[in-house]
Amino acid sequence: MTSYNLAAAGGGGGNFLVPNATFFAELLIFLIVLGVIWRYVVPPVKRSMGERQEMIRQQIQESQQASKRLAEAEARYSAALAEARVEAAKIRETARADAQEIKDEMRQQAEQEVARIRERGDEQLATQREQVVRELRSELGKLAVTLAGRIVGESVADDARRAGTVDRFLDELQGMAAPESVPEQAKADGSVPVPNGRRKR
Amino acid sequence: MREYLLAAGGDVQVGEHLKWQVLGLAINADTVLSTAIAAVIVLGFGLYLAAKSKAKVPSGLQLAFESVTDQVERQVESNMGIRTAPFVVPLAISLFFFILIANWLSLVPHAFEHYVAPPTADVNLTFALSFFVIILVHVTGIRVNGKHYFRHFIEPYPVLLPLLVIEELVKPITLALRLFGNILAGTVMVGVLSLIPALASWLPISAWKLFDLFIGALQALIFALLTILYFGFATGSQDAEAAH
């Protein structure tokens, strides 16, 4: 059913494997294509591709710089944070020490104050007591003598005797109430019993 | 006008072309026409790219083109160094797209194939491309390496001179016939399949045309790649010289 007549093509001028004048037409067409591409297409395309690559390179560079700056800023931030923490700890420590110091000082002052006040109070008390004793000595003596004179009707004009009686009386009083008034005691004539502790002073 | 009858009773003819007589020379009119169509498409695409190249945000077409360009540049860089012959990059890209479009003209419906057949199914186009490329390769080799360029015919042994000469002579022929054969086979196959009654033939023909799409891209890629390799061989002997 099939008859191949290809072999017949060998003769004559028409083997399809052999180029004919079309060759030049084809070459011309391709050269035109190549020329137009070379002249009008390659330069702008090359330029724009170069520009775009440059742009991308620049963007990559910028982003790298940005991330570097970010890292730097983060480092600075954490350094500052650590420093601030140290500073805060120091301040807290100082404040605590100061507070302790102030507290101690104030306590000391208060104690001194208390001691001073107590001392003054004691002094005042002693002074008042002495005054009272002195007053009593003069007043009470007179009153007692008057009273005794009235009661017994005896004249006690003799001053010396009177003073001796009063003093003795007061010493007894004093011996019961306050052991402090040593000088008074020394003046006494010794007829009144005196506690041992006083002698030692 | 000759007919090569492949199937009796059918009308599958190989190497049959409409002819123009120009100055007494026969010119295959259909090949010239379809080559011109492919050229217009390629140039339209190229000029569109050039016009669009100012846009900041590239379109999908530009990105596809740029990925091809990147690939080609990498090939050229690894084979010969892009500085040696910078024109090889646009040449290879132009060849790739031109052959690609020419091959894909086989997608035109079968009814029109007498007017628009893939021009690469005609040896005239493939020989034109391959001779142009090979002559340019030799010219570039001589310009880059001077008289040292001819040394590669006697290296590593002078005895190999005849073989190396034959190799150089065969290069343009294989380059042309590889492309031609693949694309022609596709058209012949479609022609044979179209002998099947139309009700049943649409499926195998569609399948085969999809396959042609793949073959067309592959052959365009091979042609461009071999072009780069040949340029690499021709200019690379300088490096071998320097290495000695």
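FYI, side chains are in, hydrogens and waters are out, and symmetry mates aren't considered; it's all heavy atoms of this structure. Numbered from 1 within each chain, the chains take letters A, B, ... in sequence-line order.
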Practice task
I would like to know whether A:Leu31 and B:Phe132 meet side-chain contact (heavy atoms from CB on, under 4.5 Å); could you show each step before the answer?
Solution key: CA-CA 9 Å; A:Leu31 287 180; B:Phe132 174 73; 3.4 Å; yes
Practice task
Walk me through it: do B:Val42 and A:Ile37 pass the test side-chain contact (heavy atoms from CB on, under 4.5 Å)?
Solution key: CA-CA 9 Å; B:Val42 169; A:Ile37 287 176; 4.0 Å; yes
Exercise for the section: Check step by step if side-chain contact (heavy atoms from CB on, under 4.5 Å) holds for A:Phe30 and B:Leu95. Expected result: CA-CA 9 Å; A:Phe30 179 66; B:Leu95 277 170; 3.3 Å; yes
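Using a 4.5 Å cut-off between heavy atoms, B:Thr126 makes no contact with chain A at all. Contact of A:Val33 with chain B is made through backbone and side chain together, with heavy-atom distances under 4.5 Å. In this structure, the portions of B:Phe127 lying under 4.5 Å from any heavy atom of chain A include both its backbone and its side chain. For B:Leu43, the part lying near chain A is the side chain, with the backbone staying farther off; criterion is any non-hydrogen pair under 4.5 Å. Residue A:Leu28 does not touch chain B at all, counting heavy-atom pairs closer than 4.5 Å. Neither the backbone nor the side chain of B:Tyr48 comes within less than 4.5 Å of any heavy atom of chain A. Neither the backbone nor the side chain of B:Ile93 comes within contact range of chain A; no heavy atom of the residue lies under 4.5 Å from a heavy atom of that chain.
In the displayed structure, A:Gln65 atom CD is contacted under 6.0 Å by more than 12 heavy atoms of other residues, nucleotides or ligands. Residue-environment remark: NZ (A:Lys46) stays at or below the threshold of 12 foreign heavy atoms within 6.0 Å.
Distance check, rounded to the nearest 0.5 Å: CG of B:Asp70 to CD of A:Gln53 gives 6.5 Å. Note: B:Leu91 CG to A:Trp38 CH2 = 9.0 Å, rounded to the nearest 0.5 Å. To the nearest 0.5 Å, atom CD1 of residue A:Ile29 and atom CG of residue B:Asn124 are 11.0 Å apart. Interatomic distance, CG of B:Leu47 versus OH of A:Tyr40, reported as 9.5 Å (0.5 Å rounding).
Using cut-offs of 30° and 60° on the angle between ring planes, the pair B:Phe131 and A:Phe23 is perpendicular.
Pairing each heavy atom of A:Leu34 with each of B:Ser94, the nearest pair is CD1-CB, 3.6 Å.
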